[in-house]
Protein chains: 2
Amino acid sequence: MLTEYLNRLNELSPLSIESKNLLLEHIFVKKINAGDYILKQGDVCKHIYFVNKGFVRIFYYKNGKNITEWFSKEKSFFFSIASYFNETESNLVIETLEDSEIIFLSKAGLEKFRKTNLEIANLLIELFSGSLIFSQQRMESIQFETAKDRYQNLLNEQPGILNKVPLHHLATFLGITQETLSRIRAKV
Amino acid sequence: MLTEYLNRLNELSPLSIESKNLLLEHIFVKKINAGDYILKQGDVCKHIYFVNKGFVRIFYYKNGKNITEWFSKEKSFFFSIASYFNETESNLVIETLEDSEIIFLSKAGLEKFRKTNLEIANLLIELFSGSLIFSQQRMESIQFETAKDRYQNLLNEQPGILNKVPLHHLATFLGITQETLSRIRAKV
DNA sequence: ATGCTTTTTTGATAAATGTCAATTGAGATT
DNA sequence: AATCTCAATTGACATTTATCAAAAAAGCAT
């Protein structure tokens with residue numbers, strides 16, 4: 001399982017056996033039951049997470065309501081950006097929506113080795129630039145697309161999502177109320 | 001002037017004389033008159049830009065209207081993220097609002113050296129993570145704050161901006177129409 | 001299957017914002 | 001000073017979306 005994960009990292013940026021071994025000391029796997037948290041509100045995000053198996057929701061609280069920031073499907077990386085970099089309490093909460101297997105890659109390890117290990121430094125570049133592209137895409141989708149378009153796109157990208165996620169989570173993700181989403185669906 | 005810029009880079013991530021010299025070959029300065037473009041629509045973004053002097057607006061077109069993505073003040077870095085990484089035509093346009101002095105740092109150089117030079121790789125990590133934090137902050141400000149709040153914050157962060165930028169640019173930046181912004185201002 | 005709970009839809013109304021048009025204001029020019 | 005131009009405000013109205021409440025539908029357990 002970790003081999004597969006290391007291969008994934010290696011695809012992002014080539015890693016020698018030595019570099020892989022360095023990283024291995026800072027990687028661990030955790031099984032997390034559906035509905036449990038990976039990162040609670042107020043925690044500091046000290047890892048880059050990877051959904052090896054399962055399905056994850058990232059959300060934040062606003063006026064008492066919880067608003068979905070995004071969904072992370074299998075084989076993708078995620079972390080709480082502001083909390084990770086600034087080492088501040090996260091205002092993002094990360095929960096699993098299914099029984100999941102999450103791989104933790106520690107910031108401590110990455111920070112330690114990137115100063116001396118070129119491969120690990122370049123791995124970080126790839127991780128961060130991937131995250132940057134993702135963040136930018138999400139911003140553009142909010143700016144350019146209507147809620148209806150974004151709903152359609154979400155269904156295309158993640159066909160099974162309607163079975164996994166209650167409608168009100170989709171609605172907050174799209175930035176509209178559940179009622180409005182329901183009416184959008186009725187019209188299609 | 002370039003010395004100052006190199007010091008700036010050095011603050012982000014320490015650079016030896018050798019690394020600085022490597023980078024120097026891939027840095028140039030351009031004076032750009034107010035209203036002229038740094039990056040046109042359809043260009044591919046091949047540099048990370050730095051506003052040494054002046055003031056810059058980044059915008060995109062949507063339904064024929066131009067929408068401000070953000071303003072870059074002096075001593076800050078910026079680039080067209082999707083275009084830079086994917087080497088696709090930029091849908092962001094970058095223009096100066098004042099006579100400006102822009103420092104160009106070429107992607108070609110960065111990509112060449114990050115594979116072999118640890119300092120330059122770490123510089124890139126700092127540049128990208130800074131950009132990631134910025135991108136995230138902007139997203140959160142859109143999600144968490146009302147247009148009114150965002151207007152106030154903008155004035156706090158950039159007190160002189162009302163003298164530099166016509167109201168309709170501020171409005172599109174805030175995601176509202178000029179008329180709505182005018183009404184917000186009237187109520188304060 | 002029956003009832004119980006949760007999710008989703010529907011309806012009526014209110015609030016916010018957009019649109020279009022007209023007016024006002026401020027600077028620059030003659 | 002009068003005029004011209006561009007920027008900003010105001011008004012009237014339309015549209016969109018939120019809100020609150022209730023009904024319908026879908027899942028689940030007994």
Side-chain angles (χ1 to χ4, degrees), chain A residues 33-36 55 57 59-69 71 95-99 139 141-155 158-188, chain B residues 33-36 55 57 59-69 71 95-99 139 141-155 158-188:
Chain A
N33 292 330
D36 284 353
F55 194 58
R57 181 173 82 103
F59 67 94
Y60 57 88
Y61 289 99
K62 181 182 179 179
N63 305 331
K65 295 172 185 173
N66 76 69
I67 310 290
T68 300
E69 167 124 345
F71 302 100
E95 67 170 5
T96 57
L97 296 179
E98 301 174 350
D99 289 350
M139 187 129 84
S141 102
I142 293 173
Q143 290 172 330
F144 281 97
E145 294 161 18
T146 63
K148 188 171 180 174
D149 292 337
R150 298 182 63 219
Y151 174 70
Q152 302 280 15
N153 290 342
L154 185 64
L155 293 193
Q158 304 204 31
I161 200 166
L162 285 179
N163 306 323
K164 294 182 184 177
V165 177
L167 204 65
H168 64 272
H169 285 165
L170 291 187
T172 62
F173 174 75
L174 298 172
I176 56 182
T177 60
Q178 173 172 332
E179 292 92 331
T180 300
L181 176 54
S182 180
R183 291 184 238 265
I184 285 174
R185 277 150 53 105
K187 276 187 198 158
V188 180
Chain B
N33 292 330
D36 285 352
F55 194 59
R57 181 172 83 104
F59 68 94
Y60 57 87
Y61 289 99
K62 181 181 180 179
N63 306 330
K65 295 172 185 172
N66 77 68
I67 310 289
T68 301
E69 168 125 344
F71 302 100
E95 68 169 6
T96 56
L97 296 179
E98 301 175 350
D99 289 350
M139 186 129 84
S141 102
I142 292 173
Q143 290 171 331
F144 280 97
E145 294 162 18
T146 63
K148 189 171 179 174
D149 291 337
R150 297 182 64 221
Y151 174 70
Q152 300 281 14
N153 290 342
L154 185 64
L155 293 194
Q158 305 205 29
I161 200 166
L162 285 179
N163 305 323
K164 294 183 185 179
V165 177
L167 204 64
H168 63 272
H169 285 164
L170 290 188
T172 62
F173 174 76
L174 298 173
I176 55 181
T177 59
Q178 174 172 332
E179 291 91 332
T180 301
L181 176 55
S182 182
R183 288 180 175 113
I184 284 174
R185 278 152 51 106
K187 275 187 198 158
V188 180

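Below, read A as the first sequence line, B as the second, and so on, with proteins coming before strands; counting in each chain starts at 1.
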- Examine distances only and state if a side-chain atom of T68(B) and a backbone atom of T172(B) form a donor-acceptor pair shorter than 3.5 Å. no
- Message: For a quick check of understanding: with a heavy-atom distance under 4.0 Å over all strands, which category does I176(A) fall into, base, sugar-phosphate or nothing?
- Response: sugar-phosphate
- Would you confirm whether N66(B), through its side chain, and Y61(B), through its main-chain N or O, come within 3.5 Å as a donor-acceptor pair? no
- State whether T177(B) places a side-chain N or O below 4.0 Å from either non-bridging phosphate oxygen (OP1 or OP2) of dG18(C). yes
- Is any N or O donor-acceptor pair between the side chain of R183(A) and the base of dG11(C) shorter than 3.5 Å? yes
- Task: Keeping the roles fixed (side chain from R150(A), backbone from L174(A)), state whether a donor-acceptor pair exists under 3.5 Å.
- Result: yes
- Separation of dT24(C) atom P from L167(B) atom CG, nearest Å, is 19 Å
- Query: Any side-chain N or O of S182(A) less than 4.0 Å from the OP1 or OP2 oxygen of dT8(C)?
  - Reply: no
- Message: Assess the residue pair L97(A) and K164(A) against the criterion (side chain to side chain contact (heavy atoms under 4.5 Å, CB included)); give the C-alpha distance rounded to whole Å, side-chain angles, the decisive distance to 0.1 Å, and a yes or no.
- Response: CA-CA 7 Å; L97(A) 296 179; K164(A) 294 182 184 177; 5.7 Å; no
- Item | Atom pair distance, as rounded to whole Å: CD1 in I184(B) and P in dA15(C) | 18 Å
- Among dT17(D), dT10(C), dA8(D), which nucleotide sits nearest the side chain of Q178(B)? dA8(D)
- Nearest-Å distance for atom pair NE2/C1', residues H168(B) and dT9(D): 15 Å
- Query: Between atom NZ in K148(B) and atom C1' in dA16(C), what is the gap in whole Å?
  - Reply: 13 Å
- Message: In whole Å, I'd like the distance from the CG atom of N163(B) to the P atom of dG27(C).
- Response: 11 Å
- Note on the structure: E179(A) CD to dA24(D) C1', in whole Å, measures 15 Å
- Item | Length of the NE2-C1' vector between H169(B) and dC6(D), whole Å | 13 Å
- Separation of atom CZ in R185(B) from atom P in dA7(D), rounded to whole Å: 14 Å
